[in-house]
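Written out below as structure tokens is the structure these notes cover.
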Amino acid sequence: MAEHDLPLLVVDGVSATYNHAIAALQGVSFAVRRGEIVALLGANGAGKTTALKALSNLLPAERGQITAGSIRFDGRDVTATAPADLVRSGLVQVLEGRHCFRNLTVEENLITGGIGRSARRPEIADDLEKIYLQFPRLKAKRRTLAGLTSGGEQQMTAIGRALMSRPRLLVLDEPSMGLAPLVVRDIFETLRKLNQETGLAILVAEQNSTVALKYAHRATILENGISVLSDSTENLRNGNDVTKFYLGERTVPLAVAKPANQLTEAGT
Amino acid sequence: MSGFDWQFFVEVLIGGLLSGVMYSLVAIGFVLIYKTSGVLNFAQGAMLLFAALTFVSLVERGVPFALALIITFAVMVVIGIAIERVVLRPLTNRSPMTLFMATLGLSYILEGAAQLIWGTQVHGLDLGIDDVPFEVGGVLISQFDLFAAAIAAALVLFLSVFFRYTRVGLAFRAVADDQFAALAVGLRLPRIWATVWAVAGLVALVAGLLWGARLGVQFSLSLVVLKALPVLVLGGFDSIPGAIVGGLLIGATEKLAEVYIGEYFGGGTESWFAYVVALAFLLIRPSGIFGQKLVERV
Ligand SMILES: Nc1ncnc2c1ncn2[C@@H]1O[C@H](COP(=O)(O)OP(=O)(O)O)[C@@H](O)[C@H]1O
Ligand SMILES: [Mg+2]
């Protein structure tokens, strides 16, 4: 069926507010295809986190609302699906700031990911071993309370916990935040390996555009709640002035920038 | 004046600790719900009353003890789930004050319902335990209090094992730790809340039977909730060990104060002394003995 040619995730013209008042997104469009790593770039406050919460249907829990547009994951309307059901259908997010369960051990944290997709016990045991292969550090710390581990270990725990849900699309919100460059590299290397070996699609929001552009296939740039540019990372890296402008080297006036692409004709 | 009567002191202390156990039980019901959903459940006392009343009425109508226990537990589970579904779910995202007011209203509804179904008369509740004091090393101990303490300890042990080693328990602790993360991980919060309310119902049932056996099953039973407040202030609203230790401390100091300094206040200190202790404690350590220290987020 043609269904299969559709991108896995399609975010189409989404606007969102908090408390029915503060406009956080005003027309955000991007898509993630199967097997692809996509970066969502933008400065602090650009709307990355809001966009990611919207696509996991977590905005209502934060008093946020989607006021326009649509989000489809594998054809299903995200806004009409409970977060728990999105996880079960393979859309799993690692939240900004990691959000480990601090008073649970590292292993208990991982197991909650298995419970989150209603896995059976033997499956959980199997998946645990796989996670420990990906992140040997976690095996050594399995009995330590997550709150007592380092920032890098907490990020690995949060990623491992998400992987325990056997995602088809792994969404990460600023995984590099507050971590040493070497740790950041480690984490992105692991993500790349997962992507190459298992075909896991990955969507990663980053302020750290250097790292993200290095590992992602394509990127979308957000500015003030609007997706202003989408392109392959290759083009963006060798970018023209417009790219440099959005990635922090301000040389071009805003008016020059053309509104982004639409990858989403298939959307509606 | 031949010095301090240690034997008597120990006797009072033990009596106090044992009655403290019952305060702990009521407080634990609070903590369970507060930890997972941030709701300060004022209706815990009404739930306790409702459970005791249902049980007594069933037994009085000739239902065997064990069966009555099972039926009452089932009723409490249904009530717990109904409360989550009908009252709390529509109020998600509201302020803690709104939720507290909702449980306040709830406690009146539960009491009203209990009155409507079972009438207003006082019931005696006989758990088959004589309250004959017995002697250990010259110290008199109430047999009933000891029995109550043993039941409470068994319940606490059961809850600890449940929360430590079962999946539901793990999910519960995850939600208590970080609700937003639990949502993102895919845990079904409404289901967990319903479970917690059911467990709180079980705790209310046990506490209701023990209190009911001691004081008689009557409407003032729902006021034991007021005894739980100082315990919570002392132990922290979010700590089960805190609820246990807090209950013991309040029970012990209350009895000791009654016996040793009560005469200076014309007696009757038992009704308010716990609040003075709690107030003093509030000034020293507002988060309670075991209350969560706010760990800095990295
Ligand atoms: N919970 C919230 N309530 C109200 N406004 C918010 C909330 N979260 C974010 N915002 C606002 O929405 C905008 C986008 O924020 P955010 O999505 O967090 O951006 P980013 O993740 O790119 O830093 C900002 O202006 C921010 O102040
Ligand atoms: Mg952000």
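Throughout, a chain's letter reflects where its sequence line sits, starting with A, and its residues are numbered from 1.
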Next item on the list: Write down the atom of A/Ala146, the atom of A/Asn109, and the distance for their closest heavy-atom approach.
Entry: CB-ND2, 3.3 Å
Next item on the list: Over all heavy atoms of both residues, which pair between A/Arg88 and A/Arg117 is shortest? Give the atoms and the distance, please.
Entry: CG-CA, 3.9 Å
Next item on the list: Examine distances only and state if a side-chain atom of B/Thr253 and a backbone atom of B/Ile250 form a donor-acceptor pair shorter than 3.5 Å.
Entry: yes
Next item on the list: Provide the closest heavy-atom pair for A/Glu206 versus A/Ala212 in the form atom of the first, atom of the second, distance.
Entry: CB-CB, 3.8 Å
Next item on the list: Tell me, out of B/Ala184, B/Ala182, B/Ala174, who's got the most heavy-atom pairs with chain A below 4.5 Å.
Entry: B/Ala174
Note to self: Using every non-hydrogen atom in the two residues, find where B/Gly246 and B/Val231 come nearest and quote the distance to one decimal.
What the structure shows: C-CG1, 3.7 Å
Check: For A/Leu52, is it the side chain, the backbone, both or neither that has a heavy atom under 4.5 Å from a heavy atom of chain B?
Finding: neither
Margin query: The test is salt bridge (Lys or Arg N to Asp or Glu O under 4.0 Å); show your working for A/Glu107 and A/Lys139 and say whether it passes.
Written below: CA-CA 8 Å; A/Glu107 184 154 297; A/Lys139 185 156 194 175; over 6 Å; no
Next item on the list: Flag the pair A/Asp74 and A/Arg34 as a salt bridge only when some basic side-chain nitrogen lies within less than 4.0 angstrom of an acidic carboxylate oxygen.
Entry: yes
Item checked: Option in A/Pro60, A/Ala61, A/Gly113 with maximal non-hydrogen atom pairs under 4.5 Å from chain B -> A/Ala61
Margin query: Checking an interface table here. Which of residues 186-197 of chain B come within a heavy-atom distance under 4.5 Å of chain A?
Written below: B/Gly186, B/Leu187, B/Arg188
Checklist line | Contact origin within A/Leu95 toward chain B - heavy atom pairs under 4.5 Å | finding: side chain
Next item on the list: For A/Gln65 and A/Thr67, indicate whether the former's side chain and the latter's backbone hold a donor-acceptor pair under 3.5 Å.
Entry: no
Notebook entry, point to check: For A/Thr112, is it the side chain, the backbone, both or neither that has a heavy atom under 4.5 Å from a heavy atom of chain B?
Noted result: both
